[in-house]
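One structure below.
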Amino acid sequence: MIPFLDLKNINQQYRAELIEACTQVIDSGWYIGGKYLEQFEQNFAAYCGSQYAIGVANGLDALILTLRAWKELGKLQSGDEVLVPSNTYIASILAISANDLTPILVEPDPQGFNLDPQKIEAAITAKTKVILPVHLYGQLAQMPEIMTIAKKHKLLVLEDAAQAHGAQIQGLKAGVWGDAAGFSFYPGKNLGALGDAGAITTNDAELAMMLRALRNYGSHEKYKNLVQGVNSRLDEIQAAMLDVKLKYLDVEITQRRAIANVYLTQIENSLIQLPLQNIDALTYKQHVWHLFVIQTPHRQALQQYLEAHGVQTLIHYPIPPHQQQAYREWNHLSFPISEQLHSQVLSLPLGPTLSIEDAEKIAQLCNAFRV
């Protein structure tokens, strides 16, 4: 079986360094809010090109706390509208609901999977305060156009960069386009911890200070609580693990692009639609291929066929947010582009340890698929 993603093999490459980093944390006797967190935050901010990175417990908290911080700073209030893709993973929307804000679902570009700027502008009302673009599957949303719209209407922009570490347009990476960005370091992400972890990047010093308080019970200083915060801290061991793996992120992205290039150039089957890659003329480094997502009206048959031939695939994602029971008040709504995508998308194996030979085998199997 060719696995969808071999996490054990990915981390095995850095086993000695990971063990050494873990040992250093254990021997330090300091496990929360210490030098390893500070070092990773500095290095991740430098990698993204932002002034600040604030480590938190996970990617969902990164989004929740950023919106919460803007409320604490008086930039948002309950009931304000946040524009968000209708085809995203539900976490993007949960962060909005958790802050008593109103999610407004906006349809994506059906080929690139990300927010359609024209549809964003059409959805703006007097209550709209935030655009939350999701860089789905590793490709930046159309950020130059989105930022133009945001500035025109004086809107905040919160990037959901959970799947887009290192993706860039015009030399600017995910995490520095908007007013802030939330990252996930879930183990399967391009930069993955060995557990849950997340971070927020921003160039706003006031926001960074508020976020550091919110993640730590609302405390800037021990036993002094300025706001009602939460416990959402990136611990020292995970910070140390991430700092080891950050050094190899660009190498792994290069390997991911090589696998994606095999699929893009070798899969030729009229039953399969390949993803649209928006090439950045300046850098040719726009897409980091967290996932390689094809579309087919014969998804179940293709998935069963590939499994029968030893290839594991996954679906990202089978049910659109507006059809989830958690948001049953939306169940009567129609978002046809998202509904079609969620019924047809299929993710092929892709990871930095997948061999070119296995990728070529998968491409050949896709070409041989018939109904």
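Side-chain atoms are counted along with the backbone in the values below, which use heavy atoms only and exclude waters and symmetry mates.
Side-chain contact between L115 and Q142: absent, with no pair of heavy atoms (C-beta onward) separated by less than 4.5 Å. Here the side chains of F292 and S347 are not in contact, with every heavy-atom distance at 4.5 Å or above. At a threshold of 4.5 Å between non-hydrogen side-chain atoms, the residues V25 and C22 do not count as touching. The shortest side-chain heavy-atom distance between R256 and P352 falls under the 4.5 Å cut-off. Counting heavy atoms from C-beta on, the side chains of Q170 and P144 come closer than 4.5 Å. Side-chain atoms of R370 and N269, non-hydrogen and from C-beta on, do get closer than 4.5 Å to each other. Considering only heavy atoms from C-beta on, I337 comes within 4.5 Å of K119 through its side chain. The side-chain heavy atoms of V106 and V84, taken from C-beta on, include no pair separated by under 4.5 Å.
Using modelled atom types, one finds no donor on one side chain facing an acceptor on the other under 3.5 Å when comparing Y36 with D243. Side chains of S78 and K71: a donor-acceptor N/O pair is present below 3.5 angstrom, by distance only. Side-chain contact check for S338 and N87: no donor-acceptor pair (N or O, by modelled atom type) lies under 3.5 Å. H135 and E159 are linked by a side-chain donor-acceptor pair at a separation below 3.5 angstrom, with hydrogens and angles left out of the test. Donor-acceptor pairing under 3.5 Å is recorded for the side chains of E339 and H322. Between the side chains of N190 and H165, no donor N or O sits under 3.5 Å from an acceptor N or O. A donor-acceptor contact closer than 3.5 angstrom links the side chains of S86 and E107. A side-chain N or O of D160 and one of S92 form a donor-acceptor pair less than 3.5 Å apart. For the 3.5 Å distance criterion, the side chains of Q364 and E360 fail to qualify, holding no donor opposite an acceptor. Checked by atom type, the side-chain pair Q344/T296 shows no donor-acceptor distance below 3.5 Å.
The salt bridge (charged side-chain N to carboxylate O under 4.0 Å, His left out) pairs that include a residue from residues 141-155 are E121-K152, where partners are two or more places apart or lie in different chains.
Between E72 and the choices L226, V227, L211, the side-chain contact (heavy atoms from CB on, under 4.5 Å) rule is met once, by V227.
Separating the CD1 atom in I120 from the CD1 atom in I124 is a distance of 7.5 Å, to the nearest 0.5 Å. Rounded to the nearest 0.5 Å, atoms CD1 (I319) and CD1 (I90) are 9.5 Å apart. Note: L172 CG to L140 CG = 9.5 Å, rounded to the nearest 0.5 Å. K8 contributes atom NZ, which lies 12.5 Å from atom OG1 of T353 (distance to the nearest 0.5 angstrom). In this structure, K35 NZ and E236 CD are separated by 9.0 Å, a value rounded to the nearest 0.5 Å. Annotation: the span from L264 atom CG to I259 atom CD1 amounts to 11.5 Å, rounded to 0.5 Å.
Checked against a 6.0 Å centroid threshold, the rings of F44 and F185 count as neighbours. The aromatic ring centres of H316 and Y137 sit 6.0 Å or more apart.
Counting heavy-atom neighbours within 6.0 Å of Q118 CD, excluding the residue itself, gives a total of 12 or less. Within a 6.0 Å radius of CD in E307, other residues, nucleotides and ligands contribute 12 heavy atoms or fewer. Around atom CD of Q77, no more than 12 heavy atoms belonging to other residues, nucleotides or ligands sit under 6.0 Å away.
Between K247 and E17 there is a salt bridge, since at least one side-chain N of the basic residue sits less than 4.0 Å from a carboxylate O of the acidic one. The pair D179-K75 does not meet the salt-bridge criterion, since no charged nitrogen lies less than 4.0 angstrom from a carboxylate oxygen.
Panel note: side chain N99, backbone L101; no donor-acceptor pair is recorded below 3.5 Å. Judged by distance alone, the side chain of D116 and the main-chain N or O of P108 form no donor-acceptor pair under 3.5 Å. A donor-acceptor pair under 3.5 Å is absent between the side-chain atoms of H290 and the main chain of A164, judged by distance alone. Counting only distance, with no hydrogens or angles, the side chain of D358 and the backbone of I2 share no donor-acceptor pair below 3.5 Å. Of the possible polar contacts, none joining the W330 side chain to the P321 backbone as a donor-acceptor pair under 3.5 Å is found.
Between Y305 and H309, the angle of the ring planes lies from 30° to 60°, which puts this pair in the tilted group.
Residues I104 and F335 do not share a hydrophobic cluster, defined by chaining ILVMFWY side chains whose heavy atoms lie under 4.5 Å apart.
Minimum heavy-atom separation, A359 to L354: CB-CD2, 4.4 Å. Of all heavy-atom pairs between W70 and A180, the closest is CZ2-CB, 4.2 Å.
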